[in-house]
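Letters A, B, ... are given to chains in the order of the sequence lines, protein chains preceding strands, and every chain is numbered from 1. Fair warning: this is a prediction, and the values are worked out from it, not measured in the lab.
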Protein chains: 2
Amino acid sequence: MLDKIKSSEGTLSRSERKVANQVLENPDQIVEASIQHLARMAQVSEPTVVRFCRAIGCDGYHDFKLRLARSIASQDKFFFRDVAASDSSRELSDKLIDSAIASMQHIRNQLDHQAVDAAIELFCQCERVEFYGSGGSGLVAEDAQLKFFRLGKPAIAYVDPHVQKAAASLLDSASLAVVISYTGKNKDVLEAVGLARQTGAPVVSVTRTGSPLALLSNINLNVDVAEDSDMFSPLKSRLAQMMVLDILAVGIALRGGDEMIDQLVRATAAIADKFVE
Amino acid sequence: MLDKIKSSEGTLSRSERKVANQVLENPDQIVEASIQHLARMAQVSEPTVVRFCRAIGCDGYHDFKLRLARSIASQDKFFFRDVAASDSSRELSDKLIDSAIASMQHIRNQLDHQAVDAAIELFCQCERVEFYGSGGSGLVAEDAQLKFFRLGKPAIAYVDPHVQKAAASLLDSASLAVVISYTGKNKDVLEAVGLARQTGAPVVSVTRTGSPLALLSNINLNVDVAEDSDMFSPLKSRLAQMMVLDILAVGIALRGGDEMIDQLVRATAAIADKFVE
DNA sequence: ATATTTTTGTAGTAATATTACAGTATCAGC
DNA sequence: GCTGATACTGTAATATTACTACAAAAATAT
């Protein structure tokens with residue numbers, strides 16, 4: 001909703017823009033305000049407020065406030081709450097899931113779409129792709145392998161640091177290296193990236209903004225997740241990384257057209273006999 | 001909000017309860033309705049509606065509708081939308097993330113908390129735990145291994161079907177087997193479970209309700225994720241499984257007290273020298 | 001500089017929500 | 001089973017709120 005206001009700001013008249021600014025500045029106040037209130041705050045007349053509502057695609061002030069309330073609510077609903085030993089399993093699961101959702105929303109807001117597009121482009125152009133990750137990120141690398149080789153392009157994941165380095169040194173400019181690391185500071189991975197870059201292979205990283213790994217890569221897909229709640233287990237960063245790679249994979253699949261869909265269908269059919277019934 | 005209404009239903013008068021029922025039955029209609037409208041729907045007078053609002057802790061009808069809009073919005077905001085080749089990467093990522101969030105919310109609502117408690121109990125009592133999963137679920141099993149052995153209890157993941165069967169036949173009643181499968185129909189995994197049960201080891205499964213695997217297990221942690229959007233890559237089921245196991249792990253960690261926290265700290269410190277800076 | 005279009009505000013109208021009050025039902029005590 | 005008290009509910013009036021029609025003002029083009 002707020003995005004909508006921002007994007008349609010260009011088509012608004014001067015007074016209407018005054019209203020828009022008021023709304024954007026303190027939306028949570030506006031939700032509770034009457035049309036009079038808002039008109040006074042923006043120093044315009046009440047009908048102008050109504051016109052503003054219509055201009056951004058609402059039925060009237062009522063409808064506008066309702067939609068605003070909705071969109072604001074859902075922004076704030078999910079956040080990290082500390083877990084306690086006294087929590088029931090219901091409280092515990094609610095807290096953890098809400099926290100995970102919050103981190104997903106965060107990814108949704110901060111993901112660099114240009115980088116995604118650029119990464120898709122690199123993938124489409126390369127002949128083969130290799131994924132590097134250690135520890136927890138190694139799992140993400142393997143998950144990515146599963147996703148990407150179903151698309152019909154040679155894809156492999158290396159989780160062992162030594163093997164990573166050996167593999168990286170054997171890349172070439174027709175390959176693509178995708179490097180996954182939560183902190184972006186893992187020595188082994190950084191060394192592997194250095195070797196990869198020397199071969200002329202482009203490197204796409206999935207790590208936090210500004211980390212050593214991000215700086216060493218051609219493209220970085222930002223995954224900045226709050227560390228707060230990951231004390232017990234680093235779930236959120238893992239979910240976020242997998243999410244980003246999934247977006248990449250689906251983006252590529254969509255761009256690949258029917259041919260790639262065929263590959264998917266065949267890959268799925270290949271394991272059909274593994275199931276009962 | 002709806003919970004609040006439900007819980008305070010006991011203190012309401014008969015007419016007020018009529019209003020409450022109307023609200024609970026179709027909340028999304030009510031959000032758009034005027035006080036007249038709602039009064040007519042509940043077959044009461046308008047002041048009764050106002051009284052109802054006050055009774056559940058709102059300032060008036062206005063305030064009530066605002067709060068209702070808020071709470072409903074955040075429930076329905078996320079849902080699956082089909083991706084299209086024409087989607088920009090922004091649209092694509094928004095759709096995929098929303099869909100993933102929706103599946104998390106689904107887990108939040110349908111998770112069987114009694115089963116979680118029972119699984120925690122089993123874990124605390126066992127001497128060692130083994131995780132079984134193949135293909136994509138194999139990754140989840142390995143992720144679980146990482147989570148659980150940090151808690152100081154022997155934990156191991158088997159992803160190879162043959163190894164799974166061999167390992168399962170060597171379990172005993174002091175072990176715990178955790179079996180992960182999206183469909184719950186994988187033959188190899190089912191056979192492994194059969195072997196495990198014969199040894200007297202309890203089996204906790206993470207799969208869909210009512211699947212063959214769920215029926216064979218002592219406890220099942222339901223993970224029913226809509227299949228709709230997982231055509232390109234089975235992300236949502238994976239996230240859901242990992243989420244559930246994370247809830248389990250954190251639940252156990254919290255119940256383990258300071259001793260277990262110590263284990264966590266030590267496990268984290270052990271890899272500290274792997275990072276630059 | 002004038003005409004035209006767009007924008008903005010004023011005043012009035014319709015609706016919506018709220019309040020005061022009175023009638024009705026419910027229940028306890030006799 | 002009746003009476004009185006209490007709680008509940010609806011009617012009617014009021015105040016507030018949102019909206020519309022119209023006219024004035026500003027901005028733009030000719």
Fill in: For B:Ser217, side chain to side chain donor-acceptor pair (under 3.5 Å) partners two or more places apart
B:Ser205
Practice prompt. Any chance you could measure B:Ile180, atom CD1, to B:Thr207, atom OG1, to the nearest 0.5 Å?
Written response: 10.0 Å
Worksheet item: Checking all strands, does B:Val44 fall into the base, sugar-phosphate, or nothing category for heavy-atom contacts under 4.0 angstrom?
Response: sugar-phosphate
Practice prompt. Using whole Å, report how far CZ of A:Phe52 lies from P of C:dT8.
Written response: 13 Å
Got a list of side-chain donor-acceptor pairs under 3.5 Å for residues 43-55 of chain A, not counting sequence neighbours?
residue: A:Ser45; atom: OG; partner: A:Thr48; partner atom: OG1; Å: 3.0
residue: A:Arg54; atom: NE; partner: A:Asp59; partner atom: O; Å: 2.7
residue: A:Arg54; atom: NH2; partner: A:Asp59; partner atom: O; Å: 3.2

Item to complete: Output all residues satisfying side chain to side chain donor-acceptor pair (under 3.5 Å) with A:Asn21, sequence neighbours left out; order by chain, then residue number.
Response: none
Pull out every protein N or O sitting under 3.5 Å from an N or O of nucleotides 4-7 of chain D, one pair per line with the distance.
none

Worksheet entry | Neighbour count above 12 (heavy atom, 6.0 Å) for B:His113 NE2 | yes
Practice prompt. Residues of residues 14-24 of chain A with any non-hydrogen atom less than 4.0 angstrom from an atom of DNA chain C: list those, numerically ordered, please.
Written response: A:Arg14, A:Ser15
Item to complete: Look at A:Thr48 and C:dG9 and indicate whether a side-chain polar atom (N or O) is within less than 4.0 Å of OP1 or OP2.
Response: yes
Practice prompt. Let me have a per-nucleotide readout for nucleotides 10-20 of chain C, 5' to 3', with B, S or -, counting only protein heavy atoms under 4.0 Å.
Written response: B-----SSBB-
Practice prompt. Would you give the length of the straight line joining atom CG of A:Asp112 to atom OG of B:Ser89, rounded to the nearest 0.5 angstrom?
Written response: 8.5 Å
Worksheet, complete the sentence: Rounding to 0.5 Å, atoms OH (A:Tyr61) and CG (A:Leu66) come to a distance of 11.5 Å
Worksheet item: What distance separates B:Ile101 CD1 from A:Gln105 CD, expressed to the nearest 0.5 Å?
Response: 4.5 Å
Practice prompt. To the nearest 0.5 angstrom, please state how far the CG atom of A:Asp246 sits from the CG atom of B:Leu239.
Written response: 8.0 Å
Worksheet entry | Spacing of A:Met104 atom CE and B:Met104 atom CE [to the nearest 0.5 Å] | 4.0 Å
